[in-house]
Amino acid sequence: MSAGIVVAGASMAGLRAAEQLRAAGWDGPITLVGDEAHMPYNRPPLSKEVLAGKAPFASLAFRPRPGVADVQWRLGTRVAAADLGRRVVALDGGEELPYAALVVATGMRPRRLRCPGPLAGRHTVRTIDDAQGLREALTRPGARVVVVGAGFIGCEVAATAVALGAAEVTVVDPLPLPMVAPLGELLAGALLQRHRERGVRFVLGTGVAGFEGGSRVSGVVLGDGTVLPADVVVESVGSLANTEWLEGNGLDLTDGVLTDEHLRVGGRPEVVAVGDVARFPNARYDGVPRRVEHWSIPTDTAKHAAKALVAHLTGTDADLPPFAPLPTFWSDQHDFRIQSFGAPALGKDDVRVLEGDLEGDVLAGYHAGGRLVGVVALGGRAAAAAAARHRAALLRQPALTA
C-alpha cells in the first residue's frame, strides 16, 4: 500500500479524482501524471469566451482544494503503458511507477480527418495551445472559415468565428442537421435556423474528400467535388479515447474503458476509470454502458469511484448503490444557450414541446417508454430556468427496463 495511488491523467477528471480520494479518507500518496505542461483547467470556454477574447487563458485554471496540496504532479509526462498484473505504469521515458491503486483519467483527443492535402491551416480545439493557435488564425482580417462537423464544438466555434468578424463561416457535416444526435430533429431544426439567421452557412448531407493548397490549406473539397475556399479549417469530427496505454491487459477498450456499476475496470477493484474515458452503465436508465462527454461527468464519476476505491484499499464496506448520475450539459452559441438535464438522446424519437415555442424560448421533453428521460432548453434565461425546474422530476424517474 505504500506505493499509493497513481492517477493517469491530470486534467479535470484527474484533479477531481485526487480531491475525492482525499474526501473519501485516503491519506496516502497520490501521484498525478499528465501529458500537458499546464495544471488542470476548464475546457468548455476554449471554444467560446477564450476563443472570442472575452476571457484570458489564465482564467481557465482550476483552484485545487486544500486537501490535494500534498499530491505529486508529474506534468508534461505521458503514461505510455500499464501492467495491471504487476501493478505498475510506465512513463514515456521508461520510468515505472508502482501503485496500490490506479485511476484511469486519460480522457479523449480530437479525431482527425484522414484526407489528402496540406496540414497547415487545419485546427482542432481541445487544449489551451489549440485555442491560442486558432484564435490567431480567426482574427486575421477577411478569414474564410470552414468548420467540419456540426456537433457541440463545431457549432460553438462557428458562432465565435461570426462574432470575431470572419468574412465567411461555413459548417460541413454529413448529417442532415446540426447536433441532431443529442437533440433530435425537432430542436436540431430550430438550431439550424438560428445559426443561419446569424450568418453561418451550412452544407449538410456531405462529407470532406480532401484539401486544396500548397503549404497551407486554401480550399476544402467536398464529397461531390465542390470546393469551399478556406483560410482556416476547424476539424470537429469527434473524439478518440486515450486508451492505447492500457492495451495488452485483457480489457474491453472498444469505446473508452468499460467499467462496472462502480466504475471498476476489468474486474479489478484496485483500478477505476473516471471522466469521459469511462464507459459505464447508468442505473438511472437502461444499464447499457456508454461514455458521456459532459462537463458534470468528471466530478460525478470521481466521487463514486473514489469511495469504491478507498473502501477496497482500507478493507471496508462502502455499501454504494450502483452509479446513477443525471447527465448535464450546456452550450453557448451566439446569443442563446442550449441547456440539458438527463439523457435526451435516449428519448429523441418522442420529443414534445413542454413550454414556449420553436421560434422563441423553448423547452422540449424527451421520452422513452412513456417516461421523461431528458429536457433540453433552447433560448435565453427563461428557457434555461424552465429546464432547471424539471431537474427534480428527472431525478424522481424510476430506472428504465433494459
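- Defined by atom type and a distance below 3.5 Å, a donor-acceptor pair is present between the side-chain atoms of Tyr41 and Glu36.
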Tell me, with the steps shown, if Arg74 and Glu95 meet salt bridge (charged side-chain N to carboxylate O under 4.0 Å, His left out). CA-CA 12 Å; Arg74 301 288 300 270; Glu95 178 185 359; 2.7 Å; yes
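- By the 6.0 Å contact criterion, CZ on Arg112 is enclosed, its count of non-hydrogen atoms from other residues, nucleotides or ligands being greater than 12.
- In this structure, CZ in Arg284 is found 12.5 Å from CG in Leu346, a value given to the nearest 0.5 Å.
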For residues 195-205, dump all side-chain donor-acceptor pairs below 3.5 Å to protein atoms at least two apart in sequence or in another chain.
residue: His195; atom: ND1; partner: His334; partner atom: NE2; Å: 2.9
residue: His195; atom: NE2; partner: Gln333; partner atom: OE1; Å: 2.6
residue: Glu197; atom: OE2; partner: Gln193; partner atom: NE2; Å: 3.2
residue: Arg198; atom: NE; partner: Asp335; partner atom: OD1; Å: 2.8
residue: Arg198; atom: NH1; partner: Arg194; partner atom: O; Å: 2.9
residue: Arg198; atom: NH2; partner: Asp335; partner atom: OD1; Å: 3.0

Under 3.5 Å, which donor-acceptor pairs do the side chains of residues 168-192 form with other protein atoms, sequence neighbours left out?
residue: Asp173; atom: OD1; partner: Leu175; partner atom: N; Å: 2.8
residue: Asp173; atom: OD2; partner: Ala150; partner atom: N; Å: 2.7

Can I get a per-line list of side-chain donor-acceptor pairs under 3.5 Å for residues 4-11, giving both atom names and the distance, sequence neighbours left out?
residue: Ser11; atom: OG; partner: Arg43; partner atom: NE; Å: 3.4
residue: Ser11; atom: OG; partner: Arg43; partner atom: NH2; Å: 3.1

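- Taking CG from Leu113 and CG from Leu119, the interatomic distance works out to 11.0 Å, rounded to the nearest 0.5 Å.
- Under a 3.5 Å cut-off, the side chain of Trp26 and the backbone N or O of Pro29 do form a donor-acceptor pair.
- Around atom CG of Asp357, more than 12 heavy atoms belonging to other residues, nucleotides or ligands sit under 6.0 Å away.
- Listed by first and then second residue, the salt bridge (Lys or Arg N to Asp or Glu O under 4.0 Å) pairs that reach into residues 246-265 are Asp252-Arg279, Asp255-Arg291, Asp260-Arg264, sequence neighbours excluded.
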Run the numbers on Val373 and Tyr285 for side-chain contact (heavy atoms from CB on, under 4.5 Å), then give the verdict. CA-CA 8 Å; Val373 294; Tyr285 301 112; 4.2 Å; yes
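- Atom OG1 in Thr106 sits 6.5 Å away from atom CG in Leu246 (nearest 0.5 Å).
- Put simply, the side chain of Lys48 gets close to the backbone of Pro44: a donor and an acceptor are under 3.5 Å apart.
- Interatomic distance, Leu354 CG to Leu372 CG, rounded to the nearest 0.5 Å: 6.5 Å.
- Side chain of Thr299 to backbone of Ser296: no donor-acceptor contact under 3.5 angstrom is found.
- The number of heavy atoms from other shown groups lying within 6.0 Å of NZ (Lys307) does not exceed 12.
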If you apply the rule side-chain contact (heavy atoms from CB on, under 4.5 Å), what do you find for Leu251 with Leu258, and how did you get there? CA-CA 8 Å; Leu251 304 178; Leu258 178 64; over 6 Å; no
Can you give each donor-acceptor pair under 3.5 Å made by side-chain atoms of residues 83-91, sequence neighbours left out, with the distance rounded to 0.1 Å?
residue: Asp83; atom: OD1; partner: Gly85; partner atom: N; Å: 3.1
residue: Asp83; atom: OD1; partner: Arg86; partner atom: N; Å: 3.1
residue: Arg86; atom: NH1; partner: Glu96; partner atom: OE2; Å: 3.4
residue: Arg86; atom: NH2; partner: Glu96; partner atom: OE1; Å: 2.9

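- Looking at Trp330 and Ser340, their side chains never bring a donor and an acceptor atom within 3.5 Å of each other.
- Side-chain atoms of Trp73 never come within 3.5 Å of backbone atoms of Leu75 as a donor-acceptor pair (strictly under, hydrogens ignored).
- Checked by atom type and distance alone, the side chain of Ser236 pairs as donor or acceptor with a backbone atom of Gly154 at under 3.5 Å.
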Start with the C-alpha distance between Asp70 and Arg22, add both sets of side-chain angles, then the distance that settles salt bridge (charged side-chain N to carboxylate O under 4.0 Å, His left out), and finish with yes or no. CA-CA 10 Å; Asp70 62 342; Arg22 289 288 188 244; 3.2 Å; yes
Would Arg337 and Asp332 satisfy salt bridge (charged side-chain N to carboxylate O under 4.0 Å, His left out), going step by step from the backbone distance to the final call? CA-CA 4 Å; Arg337 167 171 285 198; Asp332 292 321; 2.7 Å; yes
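- Remark: the backbone N or O of Ile297 is not paired with any side-chain donor or acceptor of Asp300 at under 3.5 angstrom.
- Under the 3.5 Å distance criterion, the side-chain polar atoms of Thr160 are matched with a main-chain donor or acceptor of Glu156.
- Side-chain atoms of Asp361 come within 3.5 Å of backbone N or O of Gly380 as a donor-acceptor pair.
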Go through it in stages, so that I can follow the logic: the residues are Leu263 and Phe323, the test is side-chain contact (heavy atoms from CB on, under 4.5 Å), and I'd like the CA-CA distance, side-chain angles, deciding distance and then a yes or no. CA-CA 8 Å; Leu263 299 162; Phe323 187 48; 4.2 Å; yes
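- Under a 3.5 Å cut-off, the side chain of Thr139 and the backbone N or O of Arg135 do form a donor-acceptor pair.
- Rounded to the nearest 0.5 angstrom, Asn242 CG and Asp35 CG are separated by 7.0 Å.
- The ring pair (Phe, Tyr, Trp, His ring centres under 6.0 Å) test applied to Phe329 returns Phe152, His294, not counting sequence neighbours.
- Here His123 contributes atom NE2 and Leu51 contributes atom CG; the two are 10.0 Å apart, rounded to the nearest 0.5 Å.
- Crowding of Arg109 atom CZ: a count of heavy atoms from other residues, nucleotides or ligands under 6.0 Å exceeding 12.
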